[in-house]
Amino acid sequence: QVELVESGGGLVQAGGSLRLACAASRRALNRYLMGWFRQAPGKEREFVAAITNSGSNVYYTDSVKGRFTISRDNAKNTVALQMNSLRPGDTAIYYCASGSRAIVRASTSYDNWGQGTQVAVTS
């Protein structure tokens, strides 16, 4: 398994942008489906975005479509989440995860998780 570490979180005003990064401690990241999930206070962890091992397919939850972009650089063992037009509703801890299952929006498809990075969006 790979170890994942998220970075790039912070405090930003509504309408601003943040870029989250997920770094893998081991090689062969191209073998894994990669996803981003988030968990806000008092809410369940929810799917945000995913990208297949080759980068050919991407998936987003409806609330972030057109605002967030997931990408990966397998040579550098990194995955990124570019977040634009941020809203207070995006406030959450964001988690990077890797997996090898077919259902990309399900948390059970992922077996490795990072520690999370905090994103706070003010109005």
Side-chain angles (χ1 to χ4, degrees):
Q1 65 179 33
V2 299
E3 294 183 2
L4 305 173
V5 180
E6 303 94 335
S7 63
L11 179 66
V12 65
Q13 290 184 313
S17 299
L18 286 173
R19 184 177 179 87
L20 305 183
C22 175
S25 63
R26 301 175 65 181
R27 297 182 182 275
L29 190 65
N30 63 331
R31 299 174 62 185
Y32 300 100
L33 166 73
M34 300 299 299
W36 286 93
F37 290 74
R38 66 187 182 187
Q39 187 165 22
K43 297 184 178 180
E44 296 181 358
R45 186 173 298 186
E46 66 172 342
F47 169 80
V48 177
I51 185 167
T52 54
N53 56 0
S54 67
S56 297
N57 297 97
V58 295
Y59 307 84
Y60 300 97
T61 192
D62 287 344
S63 64
V64 308
K65 288 181 179 178
R67 300 188 298 121
F68 291 11
T69 302
I70 187 171
S71 61
R72 67 191 302 162
D73 187 338
N74 291 331
K76 297 181 179 179
N77 296 318
T78 58
V79 179
L81 183 69
Q82 179 66 44
M83 305 186 295
N84 299 326
S85 301
L86 284 164
R87 306 165 180 169
D90 296 319
T91 296
I93 299 175
Y94 284 70
Y95 299 90
C96 175
S98 65
S100 57
R101 306 288 291 275
I103 307 174
V104 300
R105 291 178 171 84
S107 61
T108 53
S109 295
Y110 303 84
D111 49 24
N112 285 286
W113 296 80
Q115 293 294 104
T117 185
Q118 177 69 247
V119 171
V121 184
T122 64
S123 59

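The model shown is predicted, which means the values in this text are computed figures rather than measured ones.
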Should the ring pair W113 and Y95 be called parallel, tilted or perpendicular, given that the plane angle runs from 0 to 90° and is split at 30 and 60?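 Because their plane-to-plane angle is over 60°, the rings of W113 and Y95 count as perpendicular.
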Next item on the list: Tell me, with the steps shown, if F68 and L18 meet side chain to side chain contact (heavy atoms under 4.5 Å, CB included).
Entry: CA-CA 10 Å; F68 291 11; L18 286 173; over 6 Å; no
Give the intermediate values and the outcome of ring pair (Phe, Tyr, Trp, His ring centres under 6.0 Å) for residues F37 and Y110.
-> CA-CA 11 Å; F37 290 74; Y110 303 84; 5.2 Å; yes
- Message: Does atom CD (Q115) have a neighbourhood of more than 12 heavy atoms from anything else shown, all under 6.0 Å?
- Response: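 Atom CD in Q115 is not packed in, count stays at 12 or less.
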- Neighbour count above 12 (heavy atom, 6.0 Å) for L11 CG: yes
List the atom of [X], the atom of [Y], and the distance in Å for their closest heavy-atom pair.
{"X": "A92", "Y": "R38", "value": "CB-CB, 3.8 Å"}
{"X": "I51", "Y": "L33", "value": "O-CD1, 3.4 Å"}
{"X": "Y60", "Y": "R105", "value": "O-NH2, 3.7 Å"}
{"X": "L81", "Y": "A49", "value": "CD1-CB, 4.1 Å"}
{"X": "F47", "Y": "V104", "value": "CE1-O, 3.4 Å"}
{"X": "E6", "Y": "G116", "value": "OE1-N, 2.8 Å"}

Point to revise | From D90, T69, V119, residue fulfilling side-chain contact (heavy atoms from CB on, under 4.5 Å) relative to M83 | key: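 The option that passes is V119.
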Can any side-chain N or O of [X] pair as donor or acceptor with the backbone N or O of [Y] at less than 3.5 Å?
{"X": "S85", "Y": "R67", "value": "no"}
{"X": "T91", "Y": "V121", "value": "yes"}
{"X": "S25", "Y": "E3", "value": "yes"}

ask   = Any side-chain heavy-atom pair from Y59 and T52 closer than 4.5 angstrom?
value = yes
With side chains defined as the heavy atoms from C-beta onward, is the minimum distance between W36 and V79 less than 4.5 Å?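 Yes, close enough: below the 4.5 Å cut-off.
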d(L4 CG, C22 SG) to nearest 0.5 Å is 4.5 Å
* Asked: Rounded to the nearest 0.5 Å, how far apart are OG of S98 and CZ of R72?
  ->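 CZ of R72 is found 9.0 Å from OG of S98.
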Subject >> Same cluster (ILVMFWY, side-chain, under 4.5 Å), Y94 and V58 >> reply: yes
Side-chain heavy atoms under 4.5 angstrom apart, residues restricted to Ile, Leu, Val, Met, Phe, Trp, Tyr: same cluster for I70 and I93?
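Per the 4.5 Å side-chain linkage, I70 and I93 are not co-clustered.
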